[in-house]
Structures are given as C-alpha cells and as structure tokens.
Amino acid sequence: MRLELSMSPTSARRSSIDHLLQHAEPGQPARIEGWIKTSRFSKNVSFLHVFDGSSPRTVQVVLSEPPSEDLKGRLGIHSAVRVQGTWVASPGGEQALEIQATPEQVQVIGPTDPSAYPIQKKRTSLEHLRTIAHLRPRTNTFQATFRVRNALSWQIHRFFQERGFLWIHTPIIAASDTEGAGELFSVEVPGQSEPFFGRPTYLTVSGQLQVECFAQAFSNVYTFGPTFRAENSNTARHANEFWMIEPEIAFADLDDVIALAEDFVRQISLATLEQCAQDFELFDRFVEKGVVQAVRSSVDKPFARITYREAQELLQQSGRSFEYPIGFGQALQAEHERFLAEEYFKGPVFVTDYPKEQKAFYMRQNDDGLTVAATDLLVPRLGEIIGGSQREERLDQLKRRIVELGMEPDDYAWYLDLRRFGSVPHGGFGLGFERMLMWLTGIKNIRDAIPFPRTPGSAAY
RNA sequence: UCCCCGCUAGCUCAGUUGGUUAGAGCACCGGACUGUUAAUCCGGGUGUCGUUGGUUCGAGUCCAACGCGGGGAGCCA
C-alpha cells in the first residue's frame, strides 16, 4: 500500500506546501503560509523561497515588481509570510511550479532581523546548532531529521498494528529496576521526606517486565515510549532520555524472536526510506555518503546468525590484534562487534547464546548450564541496536537465578506469578529508537536525532 | 567515570621563536546588476582572543585551575 500522507489539507483554511506542490495546477489561485528560506532581489524581479516544514522543497514566489524598501527589509531569512497569488509553470530548472505575486500580495506576519538571527544562509556545524536547539528545527538537516523520525515511528506502529500487536502504555514511573542493576533516576516530591508512592520509585529503564504481563494475556504486544538511564555516559550513542520499542510475544522461542526482529528491521527500514525518499537525498549527500544504498544492501539479504561461542572463535581466527581480550567468557567489545558486522559479515548479524553472567536474570537458561537464550543484533557503523531474549518461563529456574544473583524474590512476586499461572514460552527484544534513526540516516551523534537531548551535565530547554 | 583534542568576529578557522594597530572566507550592512536557485560583482571589520590566577619589561601565544564543546573508551539501547 502506498501511503498518501499528503493528500489531505493541513486544515480547512490552508493546504500544506507539500500538498500544493503535488496538486496545484497552473492558473489556480495560490495561498501559502510559511517562512522564508532565502530571498533574492533585483531591480525588476525578486525571488522568495518559502517553506512550512511539510516538504524538503520550498515554493518559489516570483515578484515581478520590486517591493518597497521597507517590505524588502522584512523579507529576509526566516520571516514568516503569507503569500497569495497565482500558480504558474516555472521557467526555472529547479521547480515545476511557482507562485506569481505582487508585493501587495505578500504579507509579513512575523519579521526576522537577519543581522540578529543566529542561523545564517550558509552551512552551519551541527555542534553549533546544538547550542541553539530551540532554533535548529528550522534548518534543512533537522527538518529532514524530524520528518524521518516521525515517519520511522509511524512505520514502527504500522508494522505491529498490521500484525495484530497491541500497543501497551507501560508506566514511566517504575517501582523497581528491570535489570536488577544499572543507574536510576529517582522520583520524589521536593521537600517531602516520605515517598509519595509509599515506596521508592524511579523513572523506567524498560517496560519489559510490565509488558510481559500483557503478553501473557494478549499474546503479541509492544511498548514504544521514553526510557531513562542515569548512567554517566558521554558518547555519541548514549542519551539519558531516549525512546525504546519493546515487542513481547507469547508461545515463542528465541528463533521466533529473531525472525520477528529481522522482519521488523527490514520492513521499517524499507518503508521509511520510501516514505521519506526526498529527505534521504539530503542524508545521502551531506550526512553520510551512500547511506541509502548501504542500508538497502544490508536489509536486502538474510541477516547472518552465529552463537556467541562461534563469534569468539571467529575473532580468534581473524588474526587481528584487539585491544580487549577474546575467548569464551570475555565480553564482546565495540571493536569486536564492529569487526563482525562491518568486516566479516558486512551486514547485520545476530549473535546468540551469551554466557549467563553477561545477561539479565530473566533470560532463559540453556541446557548447557552456561549460556542463556539471548540475542544481540549488530549492524555496521553502530554496533548493537537490538538486545533480546527468550524469557525464563519456568518458575523454579527463574527463582533460583534471582536468588543466585542476590536479588530479593519478594520484590519480583508479581513477575514470578506469571510463571505460576498459565506460563508459556515467550520472548522479545528492545530496539533503541534513536539508534535505529541514526542507522538509517547516517546521523553520527544521538544528540542530533532527538528534539531536546538530555545528556550528563546538559538539560537546557 | 577514564584518555585525547579544542575554545580568536555572527559562523568556520588562520595567527610564526612571546613584541607594538588582531586576520581570512562566508554571514551581515551599503551599492550595482541579473528569471534567479547557497546568484554574481564592488565597498564596509562588526572582537571582553572561554574564565580566573600566575610567569614576563611585554601574553591570543607559556603555566595552573575551572568552565564549555568535540572525539574515543567503558556501560548499554
């Protein structure tokens, strides 16, 4: 099904520029509202380029008479305007249609003083735009980024909804730490000594334990919402607030989880590339050359799949010298993951069956007594974007593992109940939404993939 | 949290072994010209050299602390 998101007018009063550029006919009366991207003036003819965020394209407005000096001074970069006129075929090569108008048909709704405006009609570094995060949504790169971010989230919902998954709104305020470790932001009322909820509460680090309750009642479910980690991570791939997608499927083993993850990554990638084809031209040219073809070729073929043990053997046979030690029991470090995804498999690869010590308590224990039915999906450029597993559905094994790890079984009474009443094999995975966006677009810093990033020492806006 | 690098005009940067009045491109301002497309041409420098302290006759330049930013690592998604 081809999605026609631009078919409907933005409101009863006006149509989006994206809609008009596709549907206006020469000779029709024109009316647009938006902001000026660039303007050029000469003695006899002037050009205004107007955008409204609905399209990477601008509308060229042609004034065949010179505007007054006063009006001209108010038609600089990012002045808000309303233009009425007539759609005509454009003699210029860059656009099919343009608007012919008189200066009187241009109304300045909110002027911008170009000499004071922090964003200029030139290339500006992403680092500098981060310092004016309230203004960067109006730049070409961030216009494309946030249109793609929107499209990707829509395609994620669409993927699950078309397959009968229920979107479960798991709580943002959580009573325990899902992983039994990791750093949490606590939720409390300033000046109040007693916990508001009668117990310590935290911002969620994962909705998985809660969504498992719903998987044991609705079979196929997913979460899609914000997640919080108080880790003092200062990298281009970590933020303290990010969005995560966590599907959970019942009557399923690790193979089913992997099949779902592969189908999911392939479908949402291709659908987003198609929905935002024009925006991806920008990423392909200016952000990461060749990124579209790289993503396509990654998802065109079946994803590779190896066990953790095989991965360690591959690393040993590679003849490479790595900074970190390799061998069974050693962690797969970033350098190892990059070797596997970028050099050896040259595409996405599932690594399965990790040592139980490296993974969370709820993952299903394999018969070897050493490993668990876990998987990470590693992709070129980024490393891990998915972490998932089959869950331990056997009450005794799960309880034993909780005790082994020094955790308090009573804290997990409700979670253990799921294994007591109608327990079935089940599993799921977590996908970092921003990391997926970065993989598709080539954006290199997570701070540029989220509207207002929260990172250690930084929460302006 | 650890390692490395950076901070000079609105932006991106240059600035010599420490030396007198601080440099470029673009942006911006003024003018010219043009159915233009990040237009083009001519003219104009708009500055608390991140902050504080130190060394020195003299600091954008050397030293220290702090702040901010970037890259990498760990942790992870």
Side-chain angles (χ1 to χ4, degrees), chain A residues 37-49 57-64 66 69 72-73 76-77 88-95 98 100 112-132 135 139-140 178-179 181-183 204-208 223 226-246 286 323-324 331-335 337-338 358-360 376-379 382-388 429-439 444-450 455-458 460:
Chain A
K37 178 66 76 179
T38 65
S39 50
R40 292 179 289 280
F41 302 95
S42 63
K43 194 183 289 176
N44 298 316
V45 63
S46 306
F47 302 94
L48 314 175
H49 283 222
R57 303 232 168 110
T58 56
V59 172
Q60 174 160 275
V61 175
V62 184
L63 305 180
S64 50
E69 280 307 307
K72 186 175 157 183
I77 183 171
V88 297
S90 175
E94 301 290 317
Q95 60 279 318
E98 62 188 22
Q100 192 76 44
T112 290
D113 174 3
S115 64
Y117 188 55
I119 297 175
Q120 295 153 8
K121 195 170 65 177
K122 54 171 282 196
R123 204 176 169 86
T124 308
S125 71
L126 296 171
E127 291 80 1
H128 180 247
L129 289 173
R130 273 174 222 150
T131 68
I132 46 173
L135 299 177
T139 63
N140 288 340
T178 303
E179 312 290 332
E183 315 206 22
T204 183
V205 297
S206 166
Q208 184 203 310
T223 71
T227 305
F228 308 86
R229 305 273 167 92
E231 264 128 30
N232 190 8
S233 300
N234 292 287
T235 80
R237 287 170 215 72
H238 290 84
N240 296 112
E241 177 182 274
F242 62 99
W243 284 57
M244 190 156 65
I245 297 99
E246 296 173 288
F286 299 118
E323 189 183 341
Y324 286 87
L332 280 181
Q333 301 291 347
E335 56 173 350
E337 296 183 344
R338 288 180 65 117
Q358 295 180 19
K359 293 292 179 182
D376 286 355
L377 177 64
L378 314 180
V379 296
L382 267 191
E384 180 186 346
I385 58 170
I386 279 180
F429 63 84
L431 170 81
F433 180 60
E434 285 78 15
R435 287 189 183 175
M436 187 68 204
L437 185 60
M438 292 164 74
W439 188 62
K444 289 170 192 62
N445 195 309
I446 197 169
R447 296 170 181 85
D448 299 327
I450 194 164
T455 52
S458 172

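Letters go in sequence order (proteins before strands), and every chain restarts at 1. The structure displayed is predicted, hence computed values, not measured ones.
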Phosphate oxygens OP1/OP2 of [N]: is one of them under 4.0 Å from a side-chain N or O of [X]?
{"X": "A:Lys37", "N": "B:U37", "result": "no"}
{"X": "A:Gln333", "N": "B:G74", "result": "yes"}
{"X": "A:Thr38", "N": "B:A38", "result": "no"}
{"X": "A:Arg435", "N": "B:A77", "result": "no"}
{"X": "A:Arg123", "N": "B:A27", "result": "no"}
{"X": "A:Lys43", "N": "B:C33", "result": "yes"}
{"X": "A:Asn234", "N": "B:G70", "result": "no"}

Measure [atom1]/[X] against [atom2]/[N] and give the value in whole Å, please.
{"X": "A:Lys72", "N": "B:G30", "atom1": "NZ", "atom2": "P", "result": "8 Å"}
{"X": "A:Leu129", "N": "B:G10", "atom1": "CG", "atom2": "P", "result": "17 Å"}
{"X": "A:Phe242", "N": "B:C75", "atom1": "CZ", "atom2": "P", "result": "16 Å"}
{"X": "A:Asn140", "N": "B:U37", "atom1": "CG", "atom2": "P", "result": "17 Å"}
{"X": "A:Tyr324", "N": "B:C75", "atom1": "OH", "atom2": "P", "result": "7 Å"}
{"X": "A:Glu323", "N": "B:C3", "atom1": "CD", "atom2": "C1'", "result": "11 Å"}
{"X": "A:Ile119", "N": "B:A27", "atom1": "CD1", "atom2": "P", "result": "16 Å"}
{"X": "A:Phe41", "N": "B:C29", "atom1": "CZ", "atom2": "C1'", "result": "15 Å"}

For [N], what is the paired nucleotide under Watson-Crick or G-U wobble rules, both distances under 3.5 Å?
{"N": "B:G19", "value": "B:C57"}
{"N": "B:U46", "value": "B:A27"}
{"N": "B:G6", "value": "B:C68"}
{"N": "B:A14", "value": "none"}
{"N": "B:U1", "value": "B:A73"}

Taking only the [atom1] atom of each, what is the distance from [N] to [M] in whole angstrom?
{"N": "B:C7", "M": "B:A64", "atom1": "P", "result": "16 Å"}
{"N": "B:G15", "M": "B:U55", "atom1": "P", "result": "28 Å"}
{"N": "B:A14", "M": "B:C26", "atom1": "C1'", "result": "15 Å"}
{"N": "B:G47", "M": "B:U8", "atom1": "C1'", "result": "8 Å"}
{"N": "B:C13", "M": "B:G69", "atom1": "C1'", "result": "16 Å"}

Name the closest nucleotide to the [X] side chain, picking from [options].
{"X": "A:Arg130", "options": "B:G69, B:G70, B:U36", "result": "B:G70"}
{"X": "A:Asn445", "options": "B:G71, B:A73, B:A39", "result": "B:G71"}
{"X": "A:Ile446", "options": "B:A77, B:C33, B:A39", "result": "B:A77"}
{"X": "A:His238", "options": "B:G35, B:U1, B:C75", "result": "B:C75"}

Tell me what [X] touches on the nucleic acid: a base, only sugar-phosphate, or nothing, going by heavy atoms under 4.0 Å.
{"X": "A:Gly457", "answer": "nothing"}
{"X": "A:Asn44", "answer": "nothing"}
{"X": "A:Ala334", "answer": "sugar-phosphate"}
{"X": "A:Thr235", "answer": "base"}

With no angle test and no hydrogens, is the base of [N] tied to the side chain of [X] by a donor-acceptor pair under 3.5 Å?
{"X": "A:Ser233", "N": "B:C75", "answer": "yes"}
{"X": "A:Glu231", "N": "B:U1", "answer": "no"}
{"X": "A:His128", "N": "B:C11", "answer": "no"}
{"X": "A:Arg237", "N": "B:C75", "answer": "no"}
{"X": "A:Glu98", "N": "B:G35", "answer": "yes"}
{"X": "A:Gln120", "N": "B:G10", "answer": "yes"}
{"X": "A:Lys122", "N": "B:C11", "answer": "yes"}

Is the closest side-chain donor-acceptor distance between [X] and [Y] under 3.5 Å?
{"X": "A:His128", "Y": "A:Ser125", "result": "no"}
{"X": "A:Glu241", "Y": "A:Thr227", "result": "no"}
{"X": "A:His238", "Y": "A:Arg229", "result": "no"}

ask   = Which atom pair, heavy atoms only, marks the closest approach of A:Glu98 to A:Ser90?
value = OE1-OG, 2.8 Å
